[in-house]
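Before any comments, here is the structure.
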Amino acid sequence: MGLEKLITPLHLDVLKEIGNIGAGNAATALSILVDKKIDMKVPTVRIITFDEMLDLAGGHDNIVTAVFLRVEGDVSGSIFFILPLDQATRYVQQLTGDLSFSFSEPPYSEFGLSAMQELGNILTGSYLTSLSDFTGLDLYPSVPSISVDMAGAIISFGLIELSHTEDFAIVIDTALDENGQNESETVKGHFFFLPDPDSFSVIFKTLGVGMND
């Protein structure tokens with residue numbers, strides 16, 4: 001039976017709760033970093049296919065910014081945090097105060113790239129800490145790398161590196177905004193977690209919501 005038939009609303013509710021706690025932790029860390037009140041929300045958590053990942057990233061040829069890292073430990077997998085160029089630009093401008101920074105045209109300043117990488121680092125660390133607290137699993141993230149490229153190239157590279165055999169990812173929609181911002185100014189991205197084979201079942205088993213084959 002395919003994975004999509006095994007995932008229930010209960011599984012997704014648990015993942016969303018983990019995501020919301022992780023988002024709260026990330027918002028606290030970012031608020032301290034930028035010395036401003038930052039709010040983060042997780043509107044939805046879904047299980048999607050790789051083709052749907054590409055659609056969410058804007059299509060194969062869409063240029064995006066992405067932070068990529070590996071997770072090892074009791075479960076393993078890959079993580080992508082993907083933002084459209086305009087959203088990534090807005091975030092870096094907010095963080096650095098440099099309104100001249102833009103991802104629309106290379107070369108990009110090292111300072112701006114570091115700010116984007118730090119966003120991915122904080123989000124990933126917060127989500128993984130939340131998942132680890134819920135499950136008791138030991139999870140170890142690698143040092144994140146940042147890319148500005150076509151979504152298809154970024155995602156394909158990550159999957160080739162893994163010789164990935166699973167065709168599903170967990171997507172945590174992420175909305176980040178400063179206190180008092182308009183909805184149109186909210187920075188929105190997608191956090192994709194691609195567990196390696198067998199890791200889905202390990203995660204849900206430790207959460208007490210096992211998957212029945």
Side-chain angles (χ1 to χ4, degrees), residues 19-44 53-71 78-130 141-158 161 171-193:
N20 276 318
I21 291 174
N25 293 337
T28 299
L30 286 168
S31 296
I32 293 170
L33 187 65
V34 301
D35 196 25
K36 296 176 185 175
K37 172 66 174 173
I38 300 291
D39 290 318
M40 284 188 64
K41 300 184 181 74
V42 176
T44 58
M53 275 183 68
L54 282 174
D55 289 342
L56 283 176
H60 189 282
D61 296 332
N62 190 41
I63 306 295
V64 297
T65 62
V67 177
F68 171 77
L69 57 83
R70 283 286 293 162
V71 178
S78 298
I79 287 174
F80 297 87
F81 179 64
I82 295 179
L83 279 175
L85 293 186
D86 61 334
Q87 298 280 318
T89 293
R90 187 179 304 161
Y91 163 73
V92 172
Q93 289 177 349
Q94 287 176 6
L95 181 60
T96 65
D98 179 6
L99 298 182
S100 67
F101 178 85
S102 176
F103 275 111
S104 62
E105 213 45 66
Y108 315 111
S109 73
E110 287 300 317
F111 190 47
L113 290 173
S114 294
M116 182 63 205
Q117 189 169 357
E118 184 61 15
L119 172 61
N121 207 20
I122 288 172
L123 276 175
T124 301
S126 298
Y127 285 144
L128 288 180
T129 297
S130 179
S142 69
V143 176
S145 61
I146 184 168
S147 300
V148 183
D149 203 343
M150 291 187 297
I154 289 171
I155 293 172
S156 296
F157 174 77
E161 285 287 288
V171 56
I172 301 173
D173 291 328
T174 301
L176 178 151
D177 63 89
E178 288 183 27
N179 195 31
Q181 275 187 323
N182 296 324
E183 173 69 19
S184 62
E185 297 175 318
T186 299
V187 175
K188 298 175 183 176
H190 299 292
F191 181 93
F192 299 106
F193 179 35

Value for OG1 (T65) from CZ (F81), rounded to nearest 0.5 Å, stands at 7.5 Å

Of all heavy-atom pairs linking M40 and T174, the shortest is CE-CG2, 3.2 Å

Nearest heavy-atom approach of A151 to A57 is CB-CB, 3.7 Å

Open item on the list: With a 4.5 Å cut-off on side-chain heavy atoms, are V143 and L69 touching?
Closed with: no

Any side-chain heavy-atom pair of L119 and Y91 under 4.5 Å: yes

dist I172:CD1 -> N20:CG (nearest 0.5 Å) comes out at 9.0 Å

Partner of F191 under side-chain contact (heavy atoms from CB on, under 4.5 Å), picked from T124, V67, D173, is T124

inquiry  = Is there a side-chain contact between V64 and F80 in this structure, where contact means two heavy atoms from C-beta onward sitting under 4.5 Å apart?
reply    = no

Tightest non-hydrogen contact, residues H60 and M150, listed as O-CB, 3.5 Å

Rounded to the nearest 0.5 angstrom, the CD-OG1 distance for E118 and T96 is 13.5 Å

(request) Using the side-chain contact (heavy atoms from CB on, under 4.5 Å) rule, take I82 and F192 through it: C-alpha gap first, then chi angles, then the decisive distance, then the call. (result) CA-CA 8 Å; I82 295 179; F192 299 106; 3.8 Å; yes

Here the gap from L83 atom CG to T89 atom OG1, rounded to the nearest 0.5 Å, amounts to 9.5 Å

Note: L128 and P141 closest approach over all heavy atoms is CD1-CB, 3.8 Å

- Side chains of Q87 and F103: does their closest heavy-atom pair fall under 4.5 Å? no

Between M53 and V171, is there a side-chain heavy-atom distance shorter than 4.5 Å? no

For I146 and Q117, the nearest pair of non-hydrogen atoms, with its separation, is CD1-N, 4.1 Å

Measuring only between side-chain heavy atoms, which start at C-beta, is F68 closer than 4.5 Å to I154? no

In this structure, CD1 of I21 is separated from OG1 of T129 (nearest 0.5 Å) by 11.5 Å

Taking S145's backbone N and O only, do any of them form a donor-acceptor pair with S147's side chain (distance below 3.5 Å, no angle check)? no

Quick check: do Y108 and V92 have side-chain heavy atoms less than 4.5 Å from each other? no

One should read off an interatomic distance between F193 CZ and Y127 OH, to the nearest 0.5 angstrom, of 13.5 Å

A side-chain contact here means heavy atoms from C-beta on lying under 4.5 Å apart; do I63 and V148 qualify? yes

Tightest non-hydrogen contact, residues I38 and A27, listed as O-CB, 3.4 Å

Tell me if a side-chain donor or acceptor on S130 pairs with a main-chain N or O of S126 at a distance below 3.5 Å.
no

